[in-house]
Asker: 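After the structure tokens below, expect a handful of questions from me.
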Amino acid sequence: MTTYLPPLDDMRFVLAELAGLDQIAALPGFEEATPDLVDSILTEAGHIAEQALAPLNAPGDRQGARLVDGVVTTPDGWQDALNTLTEGGWNGVAFPAEFGGMGLPNLVNAPIQEMWHSANMAFALCPMLTQGAVNAILSYGTDDQKALYLPRLVTGEWTGTMNLTEPQAGSDLAALRSMATPDGDAYRIKGQKIFITYGDHELTSNIIHLVLARTPDAPPGIKGISLFIVPKFLTNDAGEIGARNDVHCVSLEHKLGIHGSPTAVLSFGDHEGAVGYLIGGLHRGVECMFTMMNHARLSVGMQGLSIAERAYQQARGYARERIQGKPAGWTADGKTGIVNHPDVRRMLMTMKSKIEAMRALVYVSWAAIDGAHSNPDSEQQARAALMADLLTPITKGWCTETGVELASLGVQIHGGMGYIEETGAAQHFRDARITTIYEGTTAIQGNDLMFRKLLRDKGAAVEGLLADMDQVARQATTLGGPHLGLIGAGLATAVAQTRQAVKWLLDAAAPNAGLAAAAAVPFLRLMGTLVGGYQLARAALVSQARLAAGTDTPDFYTAKLTTAQFYAASILPEVAALTQSIVISSDLVMALDEPLL
């Protein structure tokens, strides 16, 4: 099994050249995010990922989380790993210093989270959900709630969860039945929640559940949902642990992957009712929860990147070591590693190019979040917010679907050995599969992109992004040469095809919600493929400039050019097929009779 090696050079390149770390660091409050500090943080985070988290990944998968006599335990080593993160303040990288955080941009936190999830995704889900809870309380909590919960959540002394799903509801939040009955200054919560990641464990002294529920007089549908803070253990105002609250784990799910992560079924109020505290105001629960949800969606998009990177490293290492046969066209004497077989090279380059495209998309999305929250220029802030809104469903949907695809390619490169658990390739494939489902399925992301982003503003935000792509395509085409000419032409063609798809959607699908929904996922895949190509074209322009100016690392920048060229030649043409799928297949889907399915 290949050891995980953090791709720090690639991360630094994206941070500096594509995501604009220098511009983000210039925003108020981020002045400490100097290149030297960021570099030292990433280096240390890389050591932790490689040495503390990655070695626990396969053993944790085999051992799994367990529920015995009402107590949930995590795999061996989990406690020490979480202590390492807590003691180092790693959970608070992107949170305010007043609550114990480092006060650094989300953009700096992005590569750290990438490394955690590549090293051990089942473990990294715990701090990921806690960070989402911090964001919700920061945004909507009262001063007293912030003072009580944030210092302990930011440092990782306590962990947090997100409780939406119920057995009868699934993704339909309007069908939630959990009830919150007023009881003095608090509420008594009764109901059941399923699929709660790290819903119970013994890693920390308390768990802070954020729970959606209805009050008795609430209006029907999602407008009647409120959000409540429900701690596992009740505390006093000083945070001292008191009695156990009336919330219990009744079972753990037996899952395809992420076995080390306890996915709990939680029962609230089997007795007197779980004590909960309203956050964000009555009937504003969905609005408040989406602060957590949007953070989680970008983080899960990150997981698609992370698991693909881990699968790629595993497959590349195996391909270099596995000696088998003589590749077609191989002129040297003797056998060689399968890395020199043409189709293995094709698969590895497919993985590499899509990973680099995903990394750029994820980091740029987090940079947009930073700009939307912290830019003092109202016009620039609005532009960043628009971009963050547009990129969030693309990042979540496309990166997770691509992560599953690339983890599957990793198994394929291993051949029969990839299907054997002991090589580790199968675990990456199993772990990746959940990412397209939780925090909103790919269809939910597609519908968000279609209805809330494209159709709502009649394509204005998408056209703004396409205009930026036009400019990059022209630059690449003008400079030309063996790499940039192909890249520029490929991007220009894909942009033109996307405009055709957008025009059809605005003309034909806008009046027909069913038709728009049928086209939503193909459009999301189109946009992900296109934005990935756009980011790699930007990377190619930077790389060509570095090579022209002279550099101590020419091989690094030449590889960037080659990767972008491969993507333009092999991946971007998928935009044409997806355009046809949107225009033609959507009508066919809507015309199908149910008995045919």
Asker: Output, in order, the C-alpha distance, side-chain angles, deciding distance and verdict of side chain to side chain contact (heavy atoms under 4.5 Å, CB included) for Ile258 and Thr197.
Answerer: CA-CA 10 Å; Ile258 55 169; Thr197 302; 5.9 Å; no

Asker: Among His201, Lys232, Arg152, whose side-chain hydrogen bond (donor to acceptor under 3.5 Å, both in side chains) with Thr159 holds?
Answerer: His201

Asker: State whether the side chain of Arg320 and the backbone N or O of Gly337 hold a donor-acceptor pair below 3.5 Å, judged by distance alone.
Answerer: no

Asker: How long is the gap from CG on Leu305 to CD on Glu309, to the nearest 0.5 Å?
Answerer: 7.0 Å

Asker: As a quick check of understanding, evaluate side chain to side chain contact (heavy atoms under 4.5 Å, CB included) for Ile112 and Ile41, giving each step before the final call.
Answerer: CA-CA 8 Å; Ile112 297 170; Ile41 286 174; 3.6 Å; yes

Asker: How about CD on Glu405, more than 12 heavy atoms from neighbouring residues, nucleotides or ligands closer than 6.0 Å, or not?
Answerer: yes

Asker: Is there a side-chain contact between Tyr140 and Glu287 in this structure, where contact means two heavy atoms from C-beta onward sitting under 4.5 Å apart?
Answerer: yes

Asker: Report yes if the side chains of Asn57 and Phe123 come closer than 4.5 Å at any heavy-atom pair, otherwise no.
Answerer: no

Asker: In terms of heavy-atom contacts, does CD of Glu32 have more than 12 from other residues, nucleotides or ligands at under 6.0 Å?
Answerer: no

Asker: Carefully, step by step, assess Glu157 and Thr204 under the rule side chain to side chain contact (heavy atoms under 4.5 Å, CB included).
Answerer: CA-CA 6 Å; Glu157 177 185 347; Thr204 56; over 6 Å; no

Asker: Do Glu44 and Ile48 have side chains that get closer than 4.5 Å, going by heavy atoms?
Answerer: yes

Asker: Using a cut-off of 6.0 Å, state whether more than 12 heavy atoms not belonging to Arg525 lie near its atom CZ.
Answerer: no

Asker: In the structure I gave you, are the side-chain heavy atoms of Trp398 and Met358 within less than 4.5 Å of one another anywhere?
Answerer: yes

Asker: Test side-chain hydrogen bond (donor to acceptor under 3.5 Å, both in side chains) on Thr161 and His209 and set out the steps.
Answerer: CA-CA 5 Å; Thr161 72; His209 303 293; 2.7 Å; yes

Asker: Do the side chain of Gln313 and the main chain of Leu5 share a donor and acceptor less than 3.5 angstrom apart?
Answerer: yes

Asker: For Lys146, is there an ion pair with Glu98 - N to carboxylate O distance below 4.0 angstrom?
Answerer: no

Asker: May I have the step-by-step check of side chain to side chain contact (heavy atoms under 4.5 Å, CB included) for Tyr277 and Tyr149, ending in yes or no?
Answerer: CA-CA 12 Å; Tyr277 307 95; Tyr149 297 111; 3.9 Å; yes

Asker: Would you call Leu85 and Asn91 a side-chain contact if the rule is heavy atoms closer than 4.5 Å?
Answerer: no

Asker: Quick one: closest heavy-atom pair of Tyr198 and Ala122, and the distance?
Answerer: OH-O, 2.8 Å

Asker: Please name the pair of heavy atoms, one in Val300 and one in Met128, separated by the smallest distance, quoted to 0.1 Å.
Answerer: CG2-CE, 4.1 Å

Asker: Using atom types as modelled and distance alone, determine if a side-chain donor or acceptor of Asn245 lies under 3.5 Å from a backbone N or O of Leu234.
Answerer: no

Asker: Between Asn447 and Ala520, what is the shortest heavy-atom contact and its length?
Answerer: OD1-CB, 3.5 Å

Asker: Heavy atoms, side chains only, cut-off 4.5 Å: are Leu164 and Met293 in contact?
Answerer: yes

Asker: If you count every heavy atom of other residues, nucleotides or ligands that lies below 6.0 Å from Arg433 atom CZ, does the total exceed 12?
Answerer: no

Asker: Would Glu401 and Thr442 count as having a side-chain donor-acceptor pair, cut-off 3.5 Å?
Answerer: yes

Asker: Treating Asp370 as the side-chain partner and Leu107 as the backbone partner, does any N or O pair qualify as donor plus acceptor under 3.5 Å?
Answerer: yes

Asker: When you check the gap from the basic side-chain N to the acidic O, do Arg430 and Asp61 get nearer than 4.0 Å?
Answerer: yes

Asker: So does Ala119 get a backbone contact from the side chain of Arg310, meaning a donor-acceptor N/O pair under 3.5 Å?
Answerer: yes

Asker: Glu114 and Arg359: salt bridge (Lys or Arg N to Asp or Glu O under 4.0 Å), yes or no, with the steps?
Answerer: CA-CA 9 Å; Glu114 179 191 336; Arg359 181 172 291 117; 2.7 Å; yes

Asker: Could you report the tightest heavy-atom contact between Val72 and Cys249, atom names first, then the distance?
Answerer: CG2-SG, 3.9 Å

Asker: Under 3.5 Å, side chain of Gln63 to main-chain N/O of Asp76, donor-acceptor pair present?
Answerer: yes

Asker: Quick one: are the ring centres of Tyr438 and Phe195 less than 6.0 Å apart?
Answerer: no

Asker: Please confirm whether the backbone N or O of Glu272 pairs with a side-chain atom of Asp246, one donor and one acceptor, at under 3.5 Å?
Answerer: yes

Asker: Give the intermediate values and the outcome of side-chain hydrogen bond (donor to acceptor under 3.5 Å, both in side chains) for residues Glu87 and Asn83.
Answerer: CA-CA 6 Å; Glu87 292 164 6; Asn83 291 345; 4.9 Å; no

Asker: With a 4.5 Å limit on heavy-atom distance, are the side chains of Val134 and Leu150 in contact?
Answerer: yes

Asker: With no hydrogens and no angle check, is any side-chain donor or acceptor of Glu166 less than 3.5 Å from a backbone partner on Arg177?
Answerer: yes

Asker: Taking Thr423 for the side chain and Tyr419 for the main chain, is one N or O donor matched with an acceptor at less than 3.5 Å?
Answerer: no

Asker: Provide the closest heavy-atom pair for Glu202 versus Gln79 in the form atom of the first, atom of the second, distance.
Answerer: O-OE1, 3.5 Å

Asker: Provide the closest heavy-atom pair for Pro231 versus Val247 in the form atom of the first, atom of the second, distance.
Answerer: O-CG1, 4.1 Å

Asker: OG1 of Thr392 to CH2 of Trp366: how many Å apart, nearest 0.5 Å?
Answerer: 8.0 Å

Asker: Side-chain contact test, heavy atoms from C-beta onward, threshold under 4.5 Å: evaluate it for Val339 versus Arg316 and give yes or no.
Answerer: no

Asker: Decide if atom CG of Asn236 counts as having more than 12 heavy atoms of other residues, nucleotides or ligands within a radius under 6.0 Å.
Answerer: yes

Asker: Under 3.5 Å, is there a donor-acceptor pair between the side chain of Tyr312 and the main chain of Met349?
Answerer: no

Asker: Counting only heavy atoms from other residues, nucleotides and ligands, does the tally under 6.0 Å from CD1 of Ile222 exceed 12?
Answerer: no

Asker: Nearest 0.5 Å, what's the OG-NZ distance between Ser178 and Lys190?
Answerer: 12.0 Å

Asker: Report the distance from atom CD1 of Ile137 to atom CG of Leu210, rounding to the nearest 0.5 Å.
Answerer: 5.5 Å

Asker: So, taking the atom named CG in Leu256 and the one named NE2 in His259, what distance separates them when rounded to the nearest 0.5 Å?
Answerer: 6.5 Å

Asker: How long is the span from the CD atom in Gln303 to the NZ atom in Lys396, to the nearest 0.5 Å?
Answerer: 9.0 Å

